[in-house]
Amino acid sequence: MDALVRPVVDPTFAGAALAFLFCGASLGTVSGLVPGLHANNFALLLAGIAPSIPADPLLVGVAMLGAGVVHSFLDIVPALALGVPDAATAVAALPGHRLVVAGRGREALRLSAVGSGLAVALAVPFAVPITWLMVRGYPTVRAHLPLLLAAVVVFLVVTESSKRAAVGGFVAFLASAALGVATLDVDPSAPLDAGGVLAPLFAGLFGAPVLVDALGGEGVPPQSDARITMGKRDLGVSATAGSLAGAVVGYVPGVSAAIASVAALPAVPRSEADRGFIVATSGANTANTVFALFALVALGTPRTGVTVAIDRAEVPLALPILLVACATAAACGFALLLLVGDAYLRVVGNLDYTRLSVGVLCLLGCVSYAFAGTFGVGVFVVAAVLGLLPPRLGARRVHLMGVLIGPLMLG
């Protein structure tokens with residue numbers, strides 16, 4: 001007679017895993033709430049010191065995943081609170097900023113929490129069929145990667161709102177691709193061993209321009225109640241579209257969660273465009289974080305900074321344990337977003353907005369120096385100037401992902 005199989009829980013390992021998970025969640029909280037920092041930075045630092053940590057490498061991987069998942073929940077908070085334009089220019093702002101200007105920032109935070117939470121909940125049922133398909137299709141994807149990435153670029157350009165915006169988006173793509181080719185292979189000396197030019201590149205392309213454009217803005221106005229006004233069906237459709245898009249791009253090199261968000265937009269109900277955008281974007285962001293883990297296990301290829309760090313630290317790919325860590329970190333991220341987000345908006349709303357924006361710009365410069373030295377500061381400045389270009393041409397900033405796509409297309 002076959003023995004009855006029962007799951008066994010090791011209390012010592014479980015306690016250690018929780019301790020490492022909460023440490024990672026703390027790092028993800030810091031990186032999520034501080035503009036210019038990313039969980040990738042902390043994960044790569046952990047990978048560098050992993051050999052000296054007297055613990056199972058799997059626990060270090062749990063901490064890395066915890067940081068990545070919590071960051072994907074909380075990075076919406078500074079995105080909403082910083083870079084808010086004044087009411088006169090809000091129509092040209094990001095959907096989240098328009099909601100903040102309308103006094104619906106607290107609702108936007110909860111929409112983001114729901115989008116990210118549903119992405120994790122949908123990860124398990126989506127994981128098996130999507131991974132099965134991607135494993136079988138990956139050799140074809142790899143063999144034709146330049147063509148696939150070219151198709152992504154064409155998609156981003158043709159989905160712009162006008163011919164002028166399409167031309168502007170393509171120009172922004174070419175310029176950012178040139179910047180990527182010129183800088184990505186450089187290994188600058190920097191104060192931090194886990195340095196690299198990605199930190200100043202992304203801080204310059206996507207962080208600094210929003211702050212520069214909003215200098216002199218009125219900051220965060222008083223916010224009304226936190227009630228979600230979006231219908232449940234529209235909410236579910238937007239979250240599912242973002243999650244699916246984020247899941248698929250988790251397997252494709254050079255294609256980010258931002259691009260996944262654009263791919264999900266056709267499924268977002270037009271009557272709830274701004275709210276649906278937030279839900280889909282948050283879902284794509286978190287799904288991309290989770291499915292990058294599946295890509296690492298199934299294909300052996302890291303797709304994000306966190307999975308690169310897991311690979312470098314030689315973390316055992318014990319998928320059940322790592323998935324439990326993702327789910328637990330998601331619960332932490334959901335709770336933290338609701339606990340911290342409202343206070344963050346309120347505190348920022350009471351500060352001198354111009355001084356705050358200048359201070360954050362200086363912080364981004366310091367982060368660039370820490371990760372890439374004086375070369376990084378120069379890259380940050382050039383990237384920031386380039387990042388100002390797309391909105392002035394009526395285009396989305398997502399075209400600036402050419403900084404990664406361009407070098408990959410050239411091989």
Side-chain angles (χ1 to χ4, degrees), residues 30-32 34-45 47-48 71 75 78-79 82-83 153 168-216 253-254 256 258-259 304-305 308-309 312 354-393 395-411:
V30 173
S31 65
V34 177
L37 289 182
H38 197 279
N40 293 349
N41 305 138
F42 284 132
L44 292 170
L45 287 175
H71 177 98
D75 59 359
L82 300 171
V153 174
F170 188 60
V171 170
F173 166 78
L174 292 176
S176 60
L179 181 61
V181 170
T183 60
L184 283 178
D185 289 334
V186 177
D187 185 17
S189 58
L192 296 179
D193 291 336
V197 295
L198 281 179
L201 276 174
F202 280 91
L205 290 173
F206 300 104
V210 176
L211 295 164
V212 170
D213 283 340
L215 282 174
S256 67
I259 294 174
T304 64
V308 167
R312 284 186 189 175
T354 298
R355 290 183 181 179
L356 177 64
S357 297
V358 171
V360 174
L361 285 169
C362 292
L363 173 63
L364 295 182
C366 292
V367 169
S368 300
Y369 177 79
F371 282 94
T374 53
F375 179 80
V377 176
V379 169
F380 168 68
V381 173
V382 173
V385 173
L386 177 56
L388 293 169
L389 179 64
R392 284 156 177 76
L393 298 175
R396 299 179 296 240
R397 281 199 177 93
V398 70
H399 298 284
L400 298 174
M401 285 305 301
V403 73
L404 297 182
I405 295 175
L408 282 171
M409 289 176 66
L410 295 176

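Small disclaimer: the values here were computed from a predicted structure and weren't measured. Sequential numbering from 1 along the given sequence is applied to the chain's residues.
- Taking every heavy atom of both residues into account, Val403 and Leu184 meet most closely at O-CD1, 3.3 Å.
- Residues Gly406 and Ala177 approach most closely at CA-CB, 3.8 Å, considering heavy atoms.
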>> Please evaluate residues Ser176 and Leu386 with respect to the criterion side-chain contact (heavy atoms from CB on, under 4.5 Å), reporting the C-alpha separation (whole Å), side-chain torsions for both, the decisive distance (0.1 Å), and the verdict.
In response: CA-CA 7 Å; Ser176 60; Leu386 177 56; 4.0 Å; yes
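- Atoms CG and CG, on Leu388 and Leu205 in that order, are 10.5 Å from each other to the nearest 0.5 Å.
- For Phe173, there are no ring pair (Phe, Tyr, Trp, His ring centres under 6.0 Å) partners at least two apart in sequence or on another chain.
- The line from CG of Leu400 to CZ of Phe202 is 9.5 Å long, rounded to the nearest 0.5 Å.
- Of all heavy-atom pairs spanning Pro78 and Gly32, the tightest one is CG-O, 3.1 Å.
- Of all heavy-atom pairs spanning Ala190 and Gly373, the tightest one is CB-N, 3.5 Å.
- Interatomic distance, Asp187 CG to Phe375 CZ, rounded to the nearest 0.5 Å: 10.5 Å.
- A heavy-atom distance below 4.5 Å is found between the side chains of Val197 and Pro188.
- Take Tyr369 and apply the ring pair (Phe, Tyr, Trp, His ring centres under 6.0 Å) test, not counting sequence neighbours, and it matches no residue.
- Considering all non-hydrogen atoms of both residues, Pro407 and Gly402 come closest at CD-O, 3.6 Å.
- For His399, there are no ring pair (Phe, Tyr, Trp, His ring centres under 6.0 Å) partners at least two apart in sequence or on another chain.
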>> Under the criterion side-chain contact (heavy atoms from CB on, under 4.5 Å), I'd like the reasoning laid out for Leu211 against Val358: C-alpha separation, chi angles, the key distance, then a yes or no.
In response: CA-CA 8 Å; Leu211 295 164; Val358 171; over 6 Å; no
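- Separating the CD1 atom in Ile405 from the CG atom in Leu410 is a distance of 12.0 Å, to the nearest 0.5 Å.
- Of all heavy-atom pairs spanning Pro200 and Ala372, the tightest one is CG-CB, 4.0 Å.
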>> Walk me through whether Val382 and Thr183 qualify under side-chain contact (heavy atoms from CB on, under 4.5 Å).
In response: CA-CA 11 Å; Val382 173; Thr183 60; over 6 Å; no
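- Between Leu198 atom CG and Ser368 atom OG the span is 11.5 Å, to the nearest 0.5 Å.
- In this structure a side-chain-to-backbone donor-acceptor pair under 3.5 Å is present from Arg397 to Gly387.
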> How far apart are the C-alpha atoms of Leu404 and Leu201, what are their side-chain angles, what is the distance that settles it, and do they pass the side-chain contact (heavy atoms from CB on, under 4.5 Å) test?
Replying inline: CA-CA 10 Å; Leu404 297 182; Leu201 276 174; over 6 Å; no
